[in-house]
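All remarks here apply to the structure that follows.
Naming: A, B, ... by sequence-line order, numbering from 1 per chain. Predicted model only: the values in this text are computed from it and were never measured.
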2 protein chains.
Amino acid sequence: MSHPRKPAPAGAEHAPLELERFLPYRLSILSNTVSQAIADDYQRRYDLSVTEWRVMAVLARFHGLSAREVAERTAMDKVAVSRALARLVEAGRVHRETHGNDKRRSVLSLTEAGWLIHDDVAPMARAREREVLDKLDSEERAWLTRILDKLLEGVQGMGDDGEP
Amino acid sequence: MSHPRKPAPAGAEHAPLELERFLPYRLSILSNTVSQAIADDYQRRYDLSVTEWRVMAVLARFHGLSAREVAERTAMDKVAVSRALARLVEAGRVHRETHGNDKRRSVLSLTEAGWLIHDDVAPMARAREREVLDKLDSEERAWLTRILDKLLEGVQGMGDDGEP
DNA sequence: ACGTTATAGTTACAATTGCAACTAATTGCA
DNA sequence: TGCAATTAGTTGCAATTGTAACTATAACGT
């Protein structure tokens with residue numbers, strides 16, 4: 001009732017954005033498609049979310065991390081990590097104890113069941129990554145690495161809003 | 001009680017995934033950071049979601065699309081488009097009428113209010129994209145375009161699961 | 001020692017999203 | 001024709017996620 005929906009002016013001087021050439025859009029499509037393709041593999045098999053898998057991956061590399069450290073290394077926020085850990089502990093894939101000197105901290109590690117899953121999923125994830133990278137020749141792969149390094153470096157802290 | 005949480009084996013032969021070198025992970029960080037930085041600009045100003053902005057962007061370029069066509073061009077699913085359109089129409093930013101020959105179809109266009117927003121947001125989005133690309137020299141930018149073209153082409157249809 | 005401030009992690013609730021089922025209109029073909 | 005199969009779009013519900021508030025512990029300054 002109260003909305004003045006007019007048909008549409010439509011002029012030439014509008015300089016519309018060409019989505020399919022727009023970097024953020026292209027990154028988003030690529031990222032989602034690739035991540036989803038990989039995630040499908042292990043989601044069906046283990047009922048494991050991307051978030052949970054990332055937590056497991058860092059716990060496989062770094063032993064005895066706290067939840068906060070996991071959050072740092074996965075670039076996820078602490079609530080997401082807390083929830084992923086709750087599920088992983090419940091499923092018996094991660095072992096959690098409390099730090100001796102600081103009772104706030106948890107000390108996390110994969111259980112045997114966790115390791116079995118990790119050792120199955122990690123090669124699978126790498127294989128999928130390879131499939132994607134095989135679309136490129138070795139020169140392109142080298143440039144891609146270099147470019148991502150640069151962009152990711154330039155983008156550090158863009159996420160954390162500067163508020164103290 | 002029923003969960004056999006064992007401490008943690010931890011051996012050297014596990015070949016853990018190095019998240020920070022893993023392509024899907026890096027793409028995900030980059031994509032989210034960049035998209036979010038841009039979205040922040042217009043979300044505060046216009047209470048416009050990324051989804052809604054994408055819909056507006058294609059409607060700015062292609063006149064009289066149906067919702068399905070919008071979905072195709074934005075690579076979003078039809079439910080997301082339907083909801084974005086509901087909000088955009090409600091806000092008086094998009095005009096919707098029904099196709100003459102086919103009453104299922106909608107015929108969509110930006111309203112004047114929609115154009116005003118578009119004409120403000122589009123340059124802003126381009127400026128942000130430029131900020132990111134300015135981290136690269138022109139050779140790197142050329143490679144990036146080429147590489148994204150290849151990867152996106154190779155990835156077409158990975159999303160649509162093959163089921164008929 | 002004691003109150004203030006900071007840190008680790010969880011919980012509660014709202015907003016978003018994703019999937020499946022649904023309506024309505026159109027097409028196709030027997 | 002007329003009835004099954006498609007297509008456009010919406011709705012409802014459950015699962016996911018994001019934000020803020022909260023608990024518990026530790027650190028700091030006086």
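One interatomic measurement links the two molecules: CD of B:E72 to P of D:dT7, which rounds to 12 Å at whole-angstrom precision. Here the P atom of nucleotide D:dG9 and the NE2 atom of B:H99 are 11 Å apart, to the nearest Å. With rounding to whole Å, B:R105 atom CZ is found 11 Å from D:dT7 atom P. In this structure, the CG atom of B:D77 is 15 Å from the P atom of D:dT11, given to the nearest Å. Per the geometry, CE belonging to A:M76 stands 12 Å off P belonging to C:dT10, to the nearest Å. Across the protein-nucleic acid pair, A:R87 atom CZ and D:dT17 atom P stand 10 Å apart, rounded to whole Å. At whole-Å resolution of the value, CZ in A:R83 and P in C:dT10 are 11 Å apart.
Using a 30° and 60° split on the angle between ring planes, B:H118 and A:H14 fall in the perpendicular class, above 60°.
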For nucleotides 21-25 of chain D, which of its nitrogen or oxygen atoms have a protein nitrogen or oxygen under 3.5 Å away, and what is each distance?
unit_1, atom_1, unit_2, atom_2, d
D:dT25, O2, A:R104, NH1, 3.2

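Checking C:dA30 for Watson-Crick or G-U wobble geometry (two distances, each under 3.5 Å) identifies D:dT1 as its partner.
Within residues 47-57 of chain B, no residue is approached by DNA chain C to less than 4.0 Å at the level of any non-hydrogen atom.
Ion pairing between a basic and an acidic side chain is recognised when a charged N comes within 4.0 Å of a carboxylate O; A:R87 and A:D47 show such pairing. Checked for salt-bridge contact, A:E72 and A:R68 meet the test: a charged N lies under 4.0 Å from a carboxylate O. Ion pairing between A:E20 and B:R61 holds under the 4.0 Å rule for side-chain N and carboxylate O. Under a 4.0 Å N-O distance rule, the pair B:E129/B:R126 does not qualify as a salt bridge.
In the hydrophobic clustering of ILVMFWY residues, with side-chain heavy atoms under 4.5 Å counting as a link, B:V81 and B:V107 come out apart. Residues A:L65 and A:V79 do not share a hydrophobic cluster, clusters being chains of Ile/Leu/Val/Met/Phe/Trp/Tyr side chains in contact below 4.5 Å.
The listed nucleotides are D:dA8, C:dG9, D:dC13; the one nearest the side chain of B:R68 is D:dA8.
Here the closest heavy-atom approach between residue B:K150 and residue A:E140 is recorded as NZ-OE1, 2.9 Å.
OP1 or OP2 of D:dT10 has at least one side-chain nitrogen or oxygen of B:S82 nearer than 4.0 Å. For A:R96 and C:dT10, the shortest distance from a side-chain N or O to OP1 or OP2 is below 4.0 Å.
A donor and an acceptor atom, one from each side chain of B:D120 and B:Y46, are located under 3.5 Å apart.
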